Amino acid sequence: MKTAIVLGLMASGSSVVHDYLSSREDFDSPFGSNEFKLCSDPTGLHNLYINCYKEFSFYNPSNAINDFLNYTNKVQNYDVYEKHGHPKKLYKKKFNVFSNEFIRKITYVSYKANPEFSNFKINKLESLALKIKRQRYSFFTVRLPVDKKKFLFEAKEYLKKIILNNLEEKKIKKNIVLNQAANLFDPINSSQYFENKKIIVVMRDPRDIFSSMKHRKSKGTPHRNVNTFIKWFKKCYDNKNFKKNLRHKDILVINFESFVTNFDKENKKLCKFLKISSNYKLKKNTSNLFDINFSKKNLYKSKLNLTKNEFNLIKKNLKDFLLW
């Protein structure tokens, strides 16, 4: 069993690679077309690891664990919409059970306390309770983690349980594909919780990225101002660490434009990297999920959707990243 993790910057077109793999008979996609950000979100699993082992202090692990539990508790009830007007839960029942069980297993020692910084994180009612009951009451749990090896073992088991639960299976029977399941800017370290993983990074021409952001008014993106977008793009892509990461043996870079216009050639490259057959069969009723001809319609839209000034500014300032 292989785990293929597809990554891309916002509006990069990475979903076309994810949708292709998830449509194949030899792949399962536990979360459908939705993004699986449990590891990569700011208060997710990798942040927890960093605060437990890379940036350890008396209270960093405790604060990160509390943030992680708050995050998993809220994401348990998070609705996604694969079809308009038809919400469903991203994670199936037992997700919170698995999360709390994981924290219990990676906790070496815990106790109730009132470190000073924790008083800044409580609400007015909790603050009043502390004043009335003084040191006899606490809203904060201090936890110290187990050793790193134990943490990584339990993290892998935790993710495996979540994946199996969403697949409603007792055993993983096929290859797995996950959408945005690691940090694009630290892909190897942030994906260490998956076994036998391979990472596909999808790149796209910045003119079309900005065009897509602007058209969709994508939340969390700098779609309102082209100059802000240019600075943002350079900060994300134009640095030595990012470029170095892309040269790792477990990472394959695919250009959205090449994948869509020359699918057969790019598919062979992708399959060779994943060590799977390029002679694929699609599952039934997946034609609406993966349609290379439909994806072609998203090519070069910036020519129509951007103003002449926006188009030329990106072309001039991001010339090293142009793909057509």
Side-chain angles (χ1 to χ4, degrees), residues 30-31 34-80 87-130 133 135-166 178-183 186 189-194 220:
F31 310 99
N34 303 293
E35 296 177 344
F36 177 64
K37 290 191 171 182
L38 183 59
C39 296
S40 60
D41 267 345
T43 52
L45 182 60
H46 190 54
N47 177 72
L48 179 58
Y49 171 82
I50 290 171
N51 280 278
C52 284
Y53 305 104
K54 299 293 184 180
E55 297 178 4
F56 179 84
S57 72
F58 286 126
Y59 302 122
N60 267 9
S62 308
N63 189 59
I65 288 172
N66 287 343
D67 285 347
F68 178 79
L69 288 173
N70 286 333
Y71 165 78
T72 54
N73 185 53
K74 290 177 180 178
V75 82
Q76 166 73 73
N77 298 312
Y78 185 67
D79 286 331
V80 291
K88 72 172 188 177
K89 301 301 179 189
L90 177 60
Y91 299 109
K92 295 185 178 179
K93 291 180 179 179
K94 294 187 179 180
F95 174 73
N96 261 351
V97 174
F98 296 146
S99 299
N100 285 297
E101 182 184 60
F102 166 64
I103 293 302
R104 180 181 60 79
K105 288 182 176 180
I106 61 100
T107 299
Y108 176 72
V109 62
S110 67
Y111 59 93
K112 291 288 186 179
N114 283 316
E116 185 177 5
F117 87 93
S118 69
N119 294 327
F120 306 136
K121 302 187 71 171
I122 60 179
N123 59 42
K124 292 182 179 180
L125 187 61
E126 291 169 333
S127 180
L128 179 62
L130 284 177
K133 299 187 178 182
Q135 295 301 321
R136 294 176 296 168
Y137 202 81
S138 173
F139 289 99
F140 192 81
T141 301
V142 176
R143 296 179 177 91
L144 295 180
V146 295
D147 65 84
K148 188 191 300 185
K149 185 177 179 181
K150 172 71 171 173
F151 179 99
L152 290 173
F153 172 82
E154 294 299 344
K156 289 178 181 179
E157 292 298 305
Y158 169 54
L159 292 184
K160 196 182 298 181
K161 287 179 181 178
I162 293 170
I163 288 170
L164 283 170
N165 191 53
N166 261 50
L178 301 171
N179 195 11
Q180 308 294 352
N183 178 0
D186 188 16
N189 289 321
S190 63
S191 63
Q192 64 184 315
Y193 319 103
F194 299 98

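All values derive from a computational prediction rather than experimental measurement.
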Give, for atom [atom1] of [X] and atom [atom2] of [Y], the distance between the pair rounded to the nearest 0.5 Å.
X: Q192; Y: K156; atom1: CD; atom2: NZ; result: 8.0 Å
X: Y49; Y: K148; atom1: OH; atom2: NZ; result: 4.0 Å
X: T72; Y: Q76; atom1: OG1; atom2: CD; result: 8.5 Å
X: Y91; Y: N96; atom1: OH; atom2: CG; result: 11.0 Å
X: F98; Y: K105; atom1: CZ; atom2: NZ; result: 10.0 Å

Counting C-beta onward and ignoring hydrogens, is there a side-chain heavy-atom pair between [X] and [Y] closer than 4.5 Å?
X: T141; Y: K112; result: yes
X: Y78; Y: F95; result: no
X: L69; Y: I103; result: yes
X: I106; Y: Y158; result: no
X: F31; Y: I162; result: yes
X: I65; Y: L48; result: yes
X: F68; Y: L38; result: yes
X: D79; Y: K88; result: no

Q) Just checking, is any N or O donor in the side chain of N189 or D186 under 3.5 Å from an acceptor N or O on the other one? A) yes

**Q.** F56 atom CZ, neighbour heavy-atom count above 12 within 6.0 Å
**A.** yes

Q | Within 6.0 angstrom of K54 NZ, more than 12 heavy atoms from elsewhere | A | no

For [X] versus [Y], what's the shortest heavy-atom pair and its separation?
X: S190; Y: A182; value: OG-CB, 3.4 Å
X: Y59; Y: P115; value: CZ-CB, 3.7 Å
X: F58; Y: L144; value: O-CD2, 4.0 Å
X: Y193; Y: A155; value: CD2-CB, 3.8 Å

Q) Is the F117 to F140 ring centre distance short of 6.0 Å? A) yes

Q: Applying side chain to side chain donor-acceptor pair (under 3.5 Å), name anything that partners N47, two or more places apart in sequence or on another chain.
A: N51

Q. Which of these, L90, N166, L159, sits in a side-chain contact (heavy atoms from CB on, under 4.5 Å) with F36?
A. L159

Q: For K37, check side-chain contact (heavy atoms from CB on, under 4.5 Å) against everything at least two apart and list the hits.
A: E35, S40, D41, Q180

**Q.** Carboxylate-amine/guanidinium proximity below 4.0 Å for K161 and E101
**A.** yes

